[in-house]
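What follows is a single structure, written as structure tokens, with notes after it.
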Number of protein chains: 2
Amino acid sequence: MTEPTRDRTGDEPIPEATVARLPVYLRGLLELADAGVETVSSVGLAELAGVNAANVRKDLSYLHAHGTRGVGYEVGHLVSEISLVLGGGRPSPVVIVGVGNLGRALSRYDGFVAGGFPIAGLVDADPAVVGRKVAGTVVRPVDELASLVAETGATVGIVATPAAAAQEAVGHLVAAGIRSILNFAPSVVAVPAHVDVRQVDLATELQILGYHQHRRTTGDTSRAAG
Amino acid sequence: MTEPTRDRTGDEPIPEATVARLPVYLRGLLELADAGVETVSSVGLAELAGVNAANVRKDLSYLHAHGTRGVGYEVGHLVSEISLVLGGGRPSPVVIVGVGNLGRALSRYDGFVAGGFPIAGLVDADPAVVGRKVAGTVVRPVDELASLVAETGATVGIVATPAAAAQEAVGHLVAAGIRSILNFAPSVVAVPAHVDVRQVDLATELQILGYHQHRRTTGDTSRAAG
DNA sequence: GTATGTGAATAGATTCACAGCT
DNA sequence: AGCTGTGAATCTATTCACATAC
């Protein structure tokens, strides 16, 4: 409260729940910036993100993003701060393992490139798929993964294989030096402690919806969950 | 009748965090059942699901699933109980709005059918796409959504449109009577209180990974997050 | 001996409510 | 007046530890 001590970028731990909301704030802020809006209040940002305003303020207090009392937050400033925290501002090239239906769709998804996650390359274990051109990129064999990562500086791996092949795919990625993995395969995978895995499971999401639906139709006084 | 509080299926509220883990347990249990395993301990199931064993026990205590002390849980029984809680055992047909890259991939994803979520139909706002056959189904125009839902008994909607079209797509789904929606568009959507929306946002997931990666490389004493 | 079931303890996240700045 | 920033209160979730049952 007297001296502005240790102020290194990203040195304080930001709660996971906050980190998960930052991308949503960022999206809303980019829309505002596009529309020429220069300041936004916590209430305004809360509406865009679908959360509570006090939550927004507390979240932003973890960053080095301060607002002006009586006015609000400067949109451009928030965009910079959040972008910095989420990946340091540099693009993170992505390698995709598994070029089935989902892998192909992901490789063509332009939201990745726009969000700073260009596709560095595609690999597949199936020789019938290797060599084919998908979304402008030639699919390479799995044993070239390490060199692909080295060449392109890829930092993120996406697993889009069948469940049975997911653990092996993760092993290849880790061996190639990748430490951030997004796993679309419906399978819990084991990784060393220094590797970060996030699971995106479509069937699981549907089943969670199924629970609430089932409850709504059989139970009585239930409350909708977001 | 004056019968006391008997166990109506799904009458107690199950914590959200537990609901989100049940599909993961179910997957592991189905694997065990396939392998002919008949009982499993909370420790065994915890390993399969990647969580703490006490957590498994507490989660299962919310269901009507009891184990045998000194032995464990009966795999077949758990499968039935969890399946029942997650959607009542009946299949929930799914309509997909938006037949771009992602919509096509989802419509071909066999995990849905296997998990009790058959594709009831596809719709798209683009006349150039309407009428084309995707994954064995003819794409229908958005204004046929209500009749499609009525015909097929679809209970779940998947939004796979661009962000700008997501709110409108959700509006159509709600108007057609759908009350469970899985939104793949990177956009916060507003829905009436009786409608349940879950967001699956690929760019957001990558950005969360980006935060941890950035922290690992710039910060020092950090701990890996699951 | 082994494994469940659960109260108690701990940790984490959200929301409230208001002091303090512009 | 309006809006941020944050301690305190509340709610939710996880983990521990052990009595209880097989």
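In what follows, every chain begins at residue 1, and chains take the letters A, B, ... in the order their sequences are listed. Below, each value reflects all heavy atoms present in this structure, side chains not excepted, and no hydrogens, waters or symmetry copies.
Of the residues B/Val85, B/Leu84, B/Leu86, the one that meets the side-chain contact (heavy atoms from CB on, under 4.5 Å) test with B/Ile82 is B/Leu86. Applying side-chain contact (heavy atoms from CB on, under 4.5 Å) to B/Leu45 and the options B/Val51, B/Val24, B/Val56, B/Val75 leaves one that passes, B/Val56.
Shown here are the side-chain contact (heavy atoms from CB on, under 4.5 Å) partners of A/Val142, two or more places apart in sequence or in another chain: A/Ala125, A/His172. For B/Ser187, the side-chain contact (heavy atoms from CB on, under 4.5 Å) partners at least two apart in sequence or on another chain are B/Ala163, B/Ala166, B/Val189. Taking A/Arg179 as the reference, nothing meets the salt bridge (Lys or Arg N to Asp or Glu O under 4.0 Å) condition, with sequence neighbours excluded. B/His77 pairs by the side-chain contact (heavy atoms from CB on, under 4.5 Å) definition with B/Glu74, B/Glu81, not counting sequence neighbours. The side-chain contact (heavy atoms from CB on, under 4.5 Å) test applied to A/Pro15 returns A/Thr18, A/Tyr62, not counting sequence neighbours.
You can see that DNA chain D meets the heavy atoms of chain A within a 4.0 Å-exclusive cut from D/dG2 to D/dA8, reading 5' to 3'.
Residue pairs that meet the side-chain hydrogen bond (donor to acceptor under 3.5 Å, both in side chains) test with at least one member in residues 34-47 of chain B, sequence neighbours left out, are B/Ser42-B/Arg57. Residue pairs satisfying the salt bridge (Lys or Arg N to Asp or Glu O under 4.0 Å) criterion with at least one member in residues 23-33 of chain B, sequence neighbours excluded, are listed as follows: A/Asp201-B/Arg27.
The backbone N or O of A/Leu60 lies less than 3.5 Å from no partner atom in the side chain of A/Tyr73, so there is not a single donor-acceptor pair. Under the 3.5 Å distance criterion, the side-chain polar atoms of B/Gln213 are matched with a main-chain donor or acceptor of A/Thr155.
Using a 4.0 Å cut-off on heavy atoms, none of the residues of residues 20-31 of chain A approach DNA chain D. Contact check of residues 34-56 of chain A against DNA chain C (heavy atom, cut-off under 4.0 Å) returns A/Asn52, A/Ala54, A/Asn55.
Residue B/Tyr62 has no polar side-chain atom (N or O) positioned under 4.0 Å from OP1 or OP2 of C/dT6. Contact check, B/His66 against C/dT4: no side-chain N or O comes under 4.0 Å of OP1 or OP2.
As rounded to whole Å, 9 Å separates atom C1' of C/dT6 from atom CZ of B/Arg69.
A residue-by-residue look at A/Arg57 and A/Thr18 shows that A/Thr18 has its nearest nucleotide of DNA chain C further toward the 5' end.
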When the side chains of residues 103-118 of chain A are checked against the rest of the protein, which donor-acceptor pairs come out under 3.5 Å, sequence neighbours left out?
residue	atom	partner	partner atom	Å
A/Arg104	NH1	A/Val99	O	3.3
A/Arg104	NH2	A/Asn101	OD1	3.1
A/Ser107	OG	A/Gly103	O	3.4
A/Ser107	OG	A/Arg104	O	2.6

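Taking a 6.0 Å sphere around CD of A/Glu168, one finds it holds 12 or fewer heavy atoms contributed by other residues, nucleotides or ligands.
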Scan nucleotides 8-10 of chain C against the protein and return all N/O pairs shorter than 3.5 Å with their distances rounded to 0.1 Å.
residue	atom	partner	partner atom	Å
C/dA8	N6	B/Lys58	NZ	3.4

